Visitor: 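First, the structure itself, so that you have it in front of you.
In the text below, chain A, chain B and the rest are named by the order of the sequence lines, each starting its count at 1. Everything numeric in this text was worked out from a predicted model, so none of it was measured.
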There are 2 protein chains.
Amino acid sequence: MSRGEFLGDFEQLILLAVLRLDREAYGLGIQQELSARAGREASIGAIYTTLDRLEQKQLVRSELGESTAERGGRAKRIFTVTPAGKAALRQSIGATRAMADGLKGLGLA
Amino acid sequence: MSRGEFLGDFEQLILLAVLRLDREAYGLGIQQELSARAGREASIGAIYTTLDRLEQKQLVRSELGESTAERGGRAKRIFTVTPAGKAALRQSIGATRAMADGLKGLGLA
DNA sequence: TGACATGTTCTATTTTGTAGAACAAATTGG
DNA sequence: CCAATTTGTTCTACAAAATAGAACATGTCA
């Protein structure tokens, strides 16, 4: 009943954001990246729930960073994508790409 | 609480399959296309449920075709993607692409 | 130390994804 | 013409993913 190796759409976006932010991926930063690049406005709750789920599936790992010297700059939980996470991403993106490839009249050439 | 214009991953694949099959898109055909191109094995029930939801959202339309002269060849319910469906697809695929673009070390160049 | 800023967790709900049996309609052989 | 077979769709039920927002925690600074 599971979808096997395939990721949900939001899971894909989160994983991509974490990869993009490379070593500086944490909740709020991911939220901003998603908004800025993908135009997807997600609540902070939605993001953490998904990150937790991805960690359960061992597609990301997290570790506590250090607090910065900014006002309110408490320690961040930094996320990284595991090899399994990359593989899952490849498969999911590959599947969509295979379906989209060569399709015309959609303007996504 | 709605995700606005964004589609779920399976919805995306279904819409792409319908576009691909162009005028010949119906339940079983979509199932085969998904399996062959995307490597995604979905039950026929999963496919129809999703098609029904997409129709509710007016992202696809369906009409009853004619029965063919094959053994058991009863009338097919033929699906087409509406302009709104194409727009939603563009947006969803565009968002993922924007996030994936320029990412290295993932082998999906 | 209390006001404020940054960051994460918790709780609850809606939407999507999933399967498979039941049902419907067509063909064909006897 | 009707039983068996084939193609196709609908129905029912449940699991997983997406979503939000308040509550909570921790840090700075005046």
Visitor: If you measure from CD1 on A:Ile47 to CD1 on A:Ile44, what distance do you get to the nearest 0.5 Å?
Guide: 5.0 Å
Visitor: Expressed as a whole number of angstroms, how long is the span from B:Leu51:CG to D:dC11:P?
Guide: 14 Å
Visitor: Could you tell me if B:Arg61 sits above the aromatic ring of B:Phe79, with its cationic atom closer than 6.0 Å to the ring centre and no more than 45 degrees from the axis?
Guide: no
Visitor: Please confirm whether the backbone N or O of B:Gln91 pairs with a side-chain atom of B:Glu5, one donor and one acceptor, at under 3.5 Å?
Guide: no
Visitor: D:dA20 C1' sits how many Å from A:Arg53 CZ, rounded?
Guide: 14 Å
Visitor: Quick one, which residues of residues 62-72 of chain B touch DNA chain D with a heavy atom under 4.0 Å?
Guide: B:Arg71, B:Gly72
Visitor: Taking 4.0 angstrom as the limit, do B:Asp101 and A:Arg37 come out as a salt bridge?
Guide: no
Visitor: Which is it for B:Arg77 and B:Asp52 under the salt bridge (charged side-chain N to carboxylate O under 4.0 Å, His left out) test, yes or no, and what are the steps along the way?
Guide: CA-CA 11 Å; B:Arg77 186 176 160 204; B:Asp52 287 343; 3.1 Å; yes
Visitor: Using whole Å, report how far OH of A:Tyr26 lies from C1' of D:dT26.
Guide: 14 Å
Visitor: Considering only nitrogen or oxygen atoms on both sides, find all protein atoms under 3.5 Å from nucleotides 23-25 of chain D and state each distance.
Guide:
{"from": "D:dA25", "atom 1": "N3", "to": "A:Arg74", "atom 2": "NH1", "distance (Å)": "2.7"}

Visitor: Is it true that a side-chain atom of A:Thr50 and a backbone atom of A:Ala46 form a donor plus acceptor pair closer than 3.5 Å?
Guide: yes
Visitor: Got a donor-acceptor contact below 3.5 angstrom from the B:Gln58 side chain to the B:Ala84 backbone?
Guide: no
Visitor: Please list, in numerical order, the residues of residues 76-96 of chain A that have a heavy atom closer than 4.0 Å to any atom of DNA chain D.
Guide: none
Visitor: To the nearest 0.5 Å, what is the distance between CG on A:Leu64 and CD1 on A:Ile78?
Guide: 8.5 Å
Visitor: So does B:Lys57 pair up with B:Glu11, basic N to acidic O under 4.0 Å?
Guide: yes
Visitor: Which residues within residues 27-47 of chain B lie with some heavy atom under 4.0 Å of an atom in DNA chain C?
Guide: B:Arg40, B:Ala42, B:Ser43, B:Gly45, B:Ala46
Visitor: Just the rounded figure in Å: distance from C1' of D:dA16 to NZ of A:Lys57.
Guide: 8 Å
Visitor: Considering only heavy atoms from C-beta outward, does the side chain of B:Lys86 approach that of B:Leu19 to under 4.5 Å?
Guide: yes
Visitor: According to a 4.5 Å side-chain heavy-atom criterion applied to Ile, Leu, Val, Met, Phe, Trp and Tyr, with indirect links allowed, do B:Phe6 and A:Phe6 form part of one hydrophobic cluster?
Guide: no
Visitor: Ignoring hydrogens and angles, state whether a donor on the side chain of B:Thr96 or A:Gln12 is under 3.5 Å from an acceptor on the partner side chain.
Guide: no
Visitor: Could you tell me how far apart A:Glu24 (CD) and C:dT6 (P) are, to the nearest whole angstrom?
Guide: 17 Å
Visitor: Any pair with a residue in residues 13-23 of chain B that passes side chain to side chain donor-acceptor pair (under 3.5 Å), sequence neighbours left out, goes on the list, sorted by first then second residue, please.
Guide: none
Visitor: With the threshold set at under 4.0 Å for non-hydrogen atoms, list the residues of residues 5-16 of chain A touching DNA chain C in residue-number order.
Guide: none
Visitor: Check whether any side-chain N or O of B:Thr82 sits under 3.5 Å from a backbone N or O of B:Leu59 as a donor-acceptor pair, and report yes or no.
Guide: yes
Visitor: In Å, rounded to the nearest 0.5 Å, how long is the span from CG of A:Leu54 to OG1 of A:Thr49?
Guide: 11.0 Å
